[in-house]
Amino acid sequence: MVERDEFFQVRSEKLERLRQQGIDPYPARYKRTHTIKKVLELLAKRESKPTDTEGRPVSITGRVIAVRNMGKAAFLDIRDGTGQIQGYLQRDVLGDGYDLLKDLDLGDFLGVYGKLTRTRRGEPSVSAQSITLLGKALRPPPEKWRGLQDVQQRFRQREVDLLSNQGVRERFILRSKVVEGIRRFLSNRDFIEVETPILLAVAAGGVAQPFTTQHNALSRTLYLRIATELHLKRCIIGGLDRVFEIGRIFRNEGLDARHNPEFTTLESYQAYTDYNEVMEMVEEMVSTLAMDNLGATQIQVGETSIELKPSWKRLSLREAIITYAGLDIEEYPDAQSLAAQMRERNVPVTQEDSWGRLVDKLLGDKVEPNLIQPTFLMDYPVEMTPLAKRIPGNPRYVERFEGFINGMEVCNAYSELNDPVEQRLRFEEQEELRKDHDGEDFDRLDEEFLTAIEYGMPPTGGLGMGIDRLMMMLSGQTTIREVVLFPHLSWSQEDIFREVDRRIQDMRSEDPSITNDTLFNRLSSELPGEVRSRVADGELRSRIEQRSN
RNA sequence: GGGCCGUUAGCUCAGUUGGCAGAGCAUCGGACUUUUAAUCCGAGUGUCCAGGGUUCGAGCCCCUGACGGCCCA
């Protein structure tokens, strides 16, 4: 995919030529006086005052993104992280320095020193007195108007996507601002930010498959966290009354438009509050983020207009299912009868599904797609939620809500269970369910957490929010890969070949006398199907032969 | 898992009824001292995703597969 083509060759020759002329194509430093944004502001300021002083020369730096060469003069468009300006180069001003233009390519970094002016056509420009190469590019940028379009390449080589697509750059700047906004919002409410472990002995606090890894020094299997919940509650127990963490969590699941195996969550815990107050905080926070960063609480996602201003709609889970699926889950309190009702409504179910899992499917299938305007679904069956407090007087349900926007879950929150005796029972129920429902995920019992909560935990409102999904919503994107800088993708062709080569090497070092035929047969049967199907027999044999010495 | 669409130059894309493989950008050579997607003259550039089939002849038709996108489950 990425080869050293003729473009690479031509640019390498230019690089060599520059070196021979004594020009360092990668100098260590260059004195820049202004960012491009600052220089544009400076020009506007000068022009607004009629003093008409010319001002001192400036120096700017950036990537050359266009060249309009007029022979003895040239115009370069130069872009840095703050903006874009034109450089005006003239042979009779630059003298020999002008020759650099011959070896300059699109994508190179350049420093331009000179007077800040406006051309006849009114274009802000730096009229160069000297130009300095700051970094030569050996590969050309993508097509200049449409940018890089190939979806795979955009994600695999995000830097090329970023440098050629302004909208992508803006989206990730927005992401940074939103995350900063979350920190500010919570900090203003006296939350402190903490960091909790990613490597854990037990992957508890959520319902998902963990990734596993190995700690060599301790000869111990560790799991990557699937949630930050339990450690944050331990902070609450310890007297840090308002804590939050923004961090990566890992779930060993498939990839699709809404799922990346690693993603970023905000979790916050506030002592002496409950889920009602958390709800108010969420609607306040999300609308503030939209207002501060998009300038409005109303956002447009495709054809749909969404109003984020509080208060959001509140609806009990049971009512929602009655409304959108025409089914009262209380009338079907066991998995068998509920599954039968769901089959009638064309919701795919299996024999193994637990009652909680069935309700979850019903929610995902029939309810979620209808929750376009921001909606809090409240009060979930206790089976689905081992870490939340029961509703007084209605013990089949817990004080839990999930927030939905544009048919997508964006947050999940509880009045946290702080009764240590019940917490143990609820974990044990999960373990029981796990035995009865093979292959289904349940939360895991965490002894350290149970001990912690036995020291006493205050009533607490807790929140989990998916930052990636929040960003999808705020930036009007429909896939998570558009809001994650480097999303996970399936095997690339390079990955495939690397994997094949690695296995060949392993097998040879295991058995140096192994024949090419045996190797071929072993590889054919032992390579994962995903890999084997993408390597032709001939390719496989030639790779074996290449590595036979 | 199913359906639809796609895969052609470095990039973005055309490609007629099955009859010499194309454009723009980029690149290379030349002209041009105020351009704005500069312009003008000239040049080079291909595993048409892979494999099979039909045919005198396949980028195009048929089959199989790979990869990708979208939709559905």
Side-chain angles (χ1 to χ4, degrees), chain A residues 1-14 17 64-79 84-95 98 101-108 114-115 117-128 137-157 160-161 163-166 254-258 302 342-343 345-350 361 364-366 369 407 477-479 481-482 487 489-497 529-540:
Chain A
M1 181 174 74
V2 180
E3 268 149 33
R4 301 193 161 190
D5 53 24
E6 53 164 306
F7 294 87
F8 192 95
Q9 291 306 328
V10 168
R11 284 168 180 243
S12 297
E13 284 159 21
K14 289 178 177 173
R17 204 152 56 224
V64 176
I65 56 168
V67 176
R68 292 177 293 281
N69 190 338
M70 319 284 298
K72 295 190 179 65
F75 298 89
L76 311 182
D77 290 338
I78 294 169
R79 190 175 70 207
Q84 184 182 322
I85 195 168
Q86 179 171 266
Y88 178 40
L89 280 48
Q90 294 166 98
R91 171 167 281 285
D92 56 14
V93 176
L94 290 168
Y98 191 81
L101 199 57
K102 281 203 296 252
D103 293 320
L104 200 65
D105 287 299
L106 295 186
D108 291 352
K115 285 232 170 78
T117 60
R118 221 176 254 279
T119 60
R120 246 175 246 166
R121 302 287 185 90
E123 184 74 21
S125 305
V126 178
S127 183
L138 294 181
R139 297 181 188 277
E143 207 264 351
K144 92 171 126 171
W145 294 108
R146 281 186 263 201
L148 184 61
Q149 291 297 318
D150 181 271
V151 173
Q152 287 288 300
Q153 206 181 343
R154 283 188 49 226
F155 300 142
R156 290 188 198 281
Q157 295 182 269
V160 184
D161 187 28
L163 79 87
S164 71
N165 293 317
Q166 189 179 353
L255 313 157
D256 66 25
R258 293 176 179 197
M342 286 167 67
R343 274 191 210 96
R345 288 165 177 76
N346 294 320
V347 181
V349 297
T350 71
K361 282 187 174 177
D365 222 69
K366 295 289 181 193
Q477 294 300 314
T478 53
T479 78
R481 294 188 298 188
E482 293 290 1
L489 301 166
S490 77
W491 296 86
S492 69
Q493 197 60 55
E494 281 96 343
D495 293 337
I496 298 270
F497 288 153
E530 191 81 17
V531 174
R532 183 66 187 90
S533 67
R534 287 177 56 182
V535 187
D537 288 1
E539 179 68 40
L540 190 53

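Note on naming: letters A, B, ... go to the chains in the order of the sequence lines (proteins, then strands), and numbering restarts at 1 for each one. Here the structure is a predicted model, which is why all the values come from computation and not from measurement. Excluded from the calculations below are hydrogen atoms, water molecules and symmetry mates; all remaining heavy atoms, backbone and side chain alike, are included.
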* Find the partner of G1(B): check Watson-Crick (N1-N3 plus N6-O4 or O6-N4) and G-U wobble (N1-O2, O6-N3) distances, both under 3.5 Å, and reply none if neither fits. => C72(B)

* Tell whether Asp92(A) reaches the base of U33(B) with its side chain through a donor-acceptor pair below 3.5 angstrom. => yes

* Are OP1 or OP2 of U34(B) and a side-chain N or O of Arg121(A) less than 4.0 angstrom apart? -> no

* To do: Determine the interatomic distance between C1' on G6(B) and the same-named atom on U12(B); round to the nearest Å.
  => 15 Å

* Asked: Between Tyr88(A) and Arg118(A), is there a donor-acceptor pair closer than 3.5 Å when you use the side chain of the first and the backbone of the second?
  -> no

* To do: Taking atom P in both C11(B) and G2(B), compute the distance separating them and give it to the nearest angstrom.
  => 31 Å

* To do: Run the numbers on Leu76(A) and Leu104(A) for side-chain contact (heavy atoms from CB on, under 4.5 Å), then give the verdict.
  => CA-CA 10 Å; Leu76(A) 311 182; Leu104(A) 200 65; 3.9 Å; yes

* What nucleic acid atoms does Asp150(A) come within less than 4.0 Å of, heavy atoms only: base, sugar-phosphate, or nothing? -> sugar-phosphate

* Answer with base, sugar-phosphate or nothing: what part of the nucleic acid does Gln90(A) contact at a heavy-atom distance below 4.0 Å? => base

* Asked: Can you check the Leu94(A) CG to U34(B) C1' distance for me, whole Å?
  -> 15 Å

* Asked: Please give, in whole Å, the distance from A37(B) C1' to Met70(A) CE?
  -> 15 Å

* **Whole angstrom value for the distance that separates P of A14(B) from CD of Glu143(A)** => 13 Å

* **Whole-Å C1' distance, C63(B) and U54(B)** => 11 Å

* Euclidean distance for P, C4(B) against A26(B) (whole angstrom) -> 40 Å

* To do: Flag the pair Phe8(A) / Arg139(A) as yes when at least one side-chain heavy-atom distance between them is below 4.5 Å, and no otherwise.
  => yes

* Asked: Please give, in whole Å, the distance from C13(B) P to Lys144(A) NZ?
  -> 17 Å

* To do: Among the candidates U27(B), A37(B), U12(B), find the nucleotide nearest to the side-chain atoms of Gln149(A).
  => U12(B)

* Determine, stepwise, if the pair Leu489(A) / Arg481(A) fulfils side-chain contact (heavy atoms from CB on, under 4.5 Å). => CA-CA 9 Å; Leu489(A) 301 166; Arg481(A) 294 188 298 188; 3.5 Å; yes

* Span that lies between the C1' atom of G53(B) and that of C70(B), in whole angstrom -> 30 Å

* **First encountered from the 5' end of RNA chain B, between Leu148(A) and Ser125(A)** => Leu148(A)

* **Within-4.5 Å side-chain heavy-atom neighbours: Ser127(A) and Gln90(A)** => yes

* Asked: Does any N or O donor sit under 3.5 Å from an N or O acceptor when you compare the side chain of Gln86(A) with the base of U35(B)?
  -> yes

* Structure fact -> Glu123(A) atom CD is separated from U35(B) atom P, nearest whole Å, by 11 Å

* **P gap between U36(B) and C25(B), integer Å** => 14 Å

* Donor-acceptor pair, Gln477(A) side chain versus Thr479(A) backbone, under 3.5 Å? -> no

* Asked: If we call it a pair only when both distances are under 3.5 Å in a Watson-Crick or G-U wobble match, what pairs with G65(B)?
  -> C49(B)

* To do: Using the C1' atoms only, state how far C41(B) lies from G57(B), rounded to an integer number of Å.
  => 38 Å

* Partner of Asp77(A) under side-chain contact (heavy atoms from CB on, under 4.5 Å), chosen from Ile85(A), Ile65(A), Val64(A) -> Ile65(A)

* Asked: Taking only N and O in the side chain of Lys102(A), is any of them less than 4.0 Å away from OP1 or OP2 of G29(B)?
  -> no

* To do: Can you tell me the distance, in whole Å, between the CZ atom of Arg11(A) and the P atom of C11(B)?
  => 14 Å

* For A23(B), the Watson-Crick or wobble partner whose two distances fall under 3.5 Å -> U12(B)

* Just compare C13(B), C32(B), U27(B) and give me whichever is closest to any side-chain atom of Arg146(A). => C13(B)

* Asked: Between Thr119(A) and Asp105(A), which is nearer to the 5' end of RNA chain B once each is assigned its nearest nucleotide?
  -> Asp105(A)

* Structure fact -> Pairing partner of U39(B), by Watson-Crick or G-U wobble and under 3.5 Å for both distances, is A31(B)

* State, with a plain yes or no, whether a side-chain heavy atom of Val160(A) is found less than 4.5 Å away from one of Gln153(A). => no

* For the pair Lys366(A) (side chain) and Arg345(A) (backbone), establish whether a donor and an acceptor sit closer than 3.5 Å, ignoring hydrogens and angles. => yes

* Gap between atoms CD and P, on Gln153(A) and G10(B) respectively (whole Å) -> 12 Å

* Taking the same atom, P, in C5(B) and in G15(B), what whole-Å distance lies between them? -> 15 Å

* Asked: When you check the phosphate oxygens OP1 and OP2 of U36(B), does a side-chain N or O of Arg68(A) lie under 4.0 Å from one of them?
  -> no

Output a table of nitrogen or oxygen pairs between the protein and nucleotides 69-73 of chain B separated by less than 3.5 Å.
{"from": "G69(B)", "atom 1": "OP1", "to": "Arg481(A)", "atom 2": "NH1", "distance (Å)": "3.0"}
{"from": "G69(B)", "atom 1": "OP1", "to": "Arg481(A)", "atom 2": "NH2", "distance (Å)": "2.6"}

* Drop me the distance from Lys14(A)'s NZ to Arg11(A)'s CZ, to the nearest 0.5 angstrom. => 6.5 Å

* To do: Can you tell me the distance, in whole Å, between the CZ atom of Arg154(A) and the P atom of C11(B)?
  => 15 Å

